Structure formats: structure tokens, C-alpha cells
K.L.:
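Got a structure here, written out as C-alpha cells. Questions coming.
Chain letters run A, B, ... following the sequence lines, proteins first and then strands; every chain starts at 1. Remember, predicted model here, so these are calculated numbers, not experimental data. The figures that follow rest on heavy atoms only: side chains count, while hydrogens, waters and symmetry mates do not.
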There are 2 protein chains.
Amino acid sequence: MAASPSAVSSLTLNRLSIYLRALRHLAEEGVDTISSQRLAARLDLSAAQIRKDLTYFGEFGVRGVGYSVTDLTARLSHLLGLDRTHPIIVVGTGNLGSALAHFLNFADRSFRVVAAVDNDPRKIGRKVGEVTIESSSRLATVVRRSGAQIGVLTVPRKAAQNNYDQLVRAGIKAVLNFAPIRLVSSADIPTKSVDLRVFLEELGFHLFQGENGRPGASAR
Amino acid sequence: MAASPSAVSSLTLNRLSIYLRALRHLAEEGVDTISSQRLAARLDLSAAQIRKDLTYFGEFGVRGVGYSVTDLTARLSHLLGLDRTHPIIVVGTGNLGSALAHFLNFADRSFRVVAAVDNDPRKIGRKVGEVTIESSSRLATVVRRSGAQIGVLTVPRKAAQNNYDQLVRAGIKAVLNFAPIRLVSSADIPTKSVDLRVFLEELGFHLFQGENGRPGASAR
DNA sequence: AGATGTGAATGAGTTCACAGCT
DNA sequence: AGCTGTGAACTCATTCACATCT
């Protein structure tokens, strides 16, 4: 098996998640072997793309046959760390934060919200999903006590960097940031930023194009 | 000025959103001219990248000087269609859907939630933000009556394709899909899919790497 | 025959480096 | 002198095409 490469692109990694989801659906449908060709057709991408992505991590298939659905599922789950449970702390329990808290607990047993903090004194003591909201001022303590590994940042822009720094100092292992800011991030803490408004604004552009007579191209 | 190109990549388009946000902050700070160099430093990317992105759409700068903050803000806003208001319908008012509904109305005057539908009879008649939830069975009617241009799909996977098709038939102009499925999409309706679990799973991979002794690389 | 795994070819996206304008 | 706009060079990602295995 190939050693894990020093750097795999986000693009490849994100497609692994997509493959994994499709594989789970295939298992539900009772399929037990799948070729890159047929998986690609389902996902609307190329067979070569799938094979290339997989070979970054090893040889998972059988020539002349294809991939075992259960085997590949297990191996991708393991690669993405989904065969263990990652405790999450939600920082900021506004609309988005509390929605994500619920969403994550329902969606998957690989991620579990174990703590939540907020700035607003009125929210402290309330529950979001299974956990009780605590004060942001106790962030470091809460991280340590809960054993949270991943911080989900859903605070306003101006609070984001400060909360990020506190998470890092408290020993968080990774951060998913939804605040619309370029975080100054510690190089050794995997940090991913997602800005939801950006997606809408992309559509805004295409709408505008459509109006000007040009047929709107489908965004990927 | 350069004509809008037939195809601009999502990457470029998404960076325009980022530039625009930074420009707004600069304006708040009272800055009125900015060079690609200084903007790049702020956003942690290259000056050439910024200039190249902008030249897809025209010549916005002044040689020897830089870009006028207010001028560039206006031009990017216009390009992204943010100088008009886009009516949105939220399809599926679960955790994520209702969070987005609130979030979008607060965040920006360019997008306004004008309607929401849900499958669950118990939710119908309730309010989410300013709008009253209606039945998904009336989706087409609601789209037409409300004049919604953008559909935000936050329904379970199995309902997504069907709701998407209905949105399209009812004349929606663009769709932002959060359901974890590859939509079979009409080529002339800009459609963007975002899968939040994918982002977490990317972090899951990096956590796993970290454990195996390799220093975790920062995800972009 | 039919599928994978992979080097080679192509294509997309980014950075370089500099001519040209203020 | 300083900064934009842009072809050319380069790097990263995808696709091709085929040797290899079942």
C-alpha cells in the first residue's frame, strides 16, 4: 500500500467524502461490487478521477472486477477518521451555530457535540441539543474538560480571531470556521474556513449574467 | 473594458466576494485607496492573483496609484449582483434551513427571504424570520407568487431532487443546494451544491494524520 | 473481456516579470 | 517611483491511454 502522501489536496479529500457517501447508498441498495466507471456515472465525474484519487492512498480495487463496496467503505471511513468519534465544541450559538450543533449530532456518529459556549449571558445555561451553553469566558476550561478536538467557530467576525486563538491555546486539534474572516492561523492546527455568503454571491453573479442575455452556466 | 468572459471559474468568483468584504472593512477604516499588494497581504494571497482576477472583468485600477476603495466596491457589488435584492425561497425549514433563513436576512440587504416551505404539516403556518411556512405541496405556487429567484434547498437527501425539479419547473433562476446529493440539474439554471459534512470530514482526515506523527498541515 | 493502477499528455489556475501608464 | 495589466512560465489537477492483473 502506498504511504499517505505528504500533502493531498482538499479537492481529492473532499471527493473521498463524496465517494464514501455514495458507497453507503450502494450498500443500502444491496450492491456489493462497483467499478470506477459506474460510480463515476452516478456522481457525474470521470472514472479516471476516482481511480487517481484512490491511488493516493493505496490499492483498493481488484483488476477486472472493481471495488468491494464494504471494503472500500471501511477503508475510506478509516482514512477520514470516521471510524472514531470526534468531540466538537461549538463556539457561538447563534442561528448557524445552534443549527450546526443539531445537525451534526443527528447526521453522523463520527462527530458529537460535547460542548457549546456563547458570549451572551442570557444564553448561558440554556441547552442546544444535548449540551448546556457555557460562557465564552470559560472557553479554555470548557475545551479541556469536555475533551473537544474540533472547534466549530460560528461567532461574529470581530470575535473570531480571539476565539480562535483561545481554542488553539486550550489545545484544540482542528477548527472549522464560519466567520467571514481570514484567520491568522497556527500552521500546525488544521483550519478550514467556510463562508456561506460567498456561495450565494456566486449565484448572484450568474443571475446577473443571465439577465444580460447570456445563458447562465451551471456552477459546479 | 473587457467583456464578461464566457466562463469565469468559481475560484475567481469566490475570491471577488472575499475582496468585496475586505473593501467594505477598508472603507469603514477610512482607507480610500488600496494597492493589490496591501490587499493581498491582508487576505493572505498574492497581489498578482488579485490583479488577474479583476482583469477578467475590466480595468478597475489606476497605474501607479492602486484601486479606489469606493469605486472598486461599487463595481464588484454590481458584478456580483449585490446592488439589487434577490428574493429567496427556503425549501425545508429544519435546523439548517431556518438558521439560513435568519442568517440571510440579517446578513445582507442583497438577499431577502420571501418564502419558506416545508413538508411537515406541523410546521405549516409557523413563522421563520419574517415569513410564514407553507406546504411543500404548493411549492410551484409559492415560487410564482413570492417572485423568488433563488431557491435554497435544505431538505433531506431523498426529497432534494424532487424539490429541485419543482423549483426549476416553477421558474426559479438559481439554486443553492445543501442536500448531500449530486443533483441532476438543468444546464441553464445555475446550481451550486454545498455539503457541510464534507468540510468536517476533511478535518477528520487531518486529525488522523496528526495522530500518526505527521504534523497536520493547515487546510486552506 | 473487463477492470484497475499509472505514466504521459493535456488543461486549469497561479505566479512571474515586465511593459506601460500616472 | 510606484502600481496596474498582462503575456509567458510554471505548478497543480484532470484526463487519456495502456500495461497489467483477474
K.L.:
Nucleotide by nucleotide, 5' to 3', does protein get under 4.0 Å of the base (B), only the sugar-phosphate (S), or neither (-) in nucleotides 1-9 of chain C, counting heavy atoms?
P.N.:
-BBBBBBB-

K.L.:
How close do A:V155 and A:G92 get, heavy atom to heavy atom, and via which atoms?
P.N.:
CG1-CA, 3.7 Å

K.L.:
In a check of side chain to side chain contact (heavy atoms under 4.5 Å, CB included) between B:I34 and each of B:V69, B:V65, B:I50, which one passes?
P.N.:
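Answer to the side chain to side chain contact (heavy atoms under 4.5 Å, CB included) test with B:I34 among B:V69, B:V65, B:I50: B:V69.
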
K.L.:
Looking at residues at least two apart in the chain, or sitting in another chain, which of them share a side chain to side chain donor-acceptor pair (under 3.5 Å) with A:R157?
P.N.:
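Partners of A:R157 by the side chain to side chain donor-acceptor pair (under 3.5 Å) criterion, ordered by chain and then number, come out as B:H25.
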
K.L.:
Quick one: how far along DNA chain D does chain B reach, first to last nucleotide 5' to 3', anything under 4.0 Å to a heavy atom?
P.N.:
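Answer, 5' to 3': D:dG2 to D:dA8.
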
K.L.:
Considering residues at least two apart in sequence or located in another chain, which fulfil the side chain to side chain donor-acceptor pair (under 3.5 Å) criterion with B:D83?
P.N.:
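Checked B:D83 against side chain to side chain donor-acceptor pair (under 3.5 Å); matches are B:H78.
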
K.L.:
For A:S186, which of A:L167, A:V168, A:T191 qualifies under side chain to side chain contact (heavy atoms under 4.5 Å, CB included)?
P.N.:
A:V168

K.L.:
Under 4.0 angstrom, heavy atoms only, what part of the nucleic acid is A:R15 near: base, sugar-phosphate, or nothing?
P.N.:
sugar-phosphate

K.L.:
Taking atom types as modelled, find out whether B:Y19 and B:D53 have a side-chain donor-acceptor pair closer than 3.5 angstrom.
P.N.:
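On atom types as modelled, these side chains qualify, holding a pair under 3.5 Å.
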
K.L.:
With heavy atoms under 4.0 Å as the rule, sort B:T12 into base, sugar-phosphate or nothing.
P.N.:
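Since no nucleic acid heavy atom lies under 4.0 Å of B:T12, the category is nothing.
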
K.L.:
Mind checking what makes salt bridge (charged side-chain N to carboxylate O under 4.0 Å, His left out) contact with B:R42, not counting sequence neighbours?
P.N.:
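In terms of salt bridge (charged side-chain N to carboxylate O under 4.0 Å, His left out), with neighbours along the sequence ignored, B:R42 is linked to B:E29.
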
K.L.:
Can you list the residues that meet the salt bridge (charged side-chain N to carboxylate O under 4.0 Å, His left out) rule with B:R51, with sequence neighbours excluded?
P.N.:
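In terms of salt bridge (charged side-chain N to carboxylate O under 4.0 Å, His left out), with neighbours along the sequence ignored, B:R51 is linked to no residue.
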
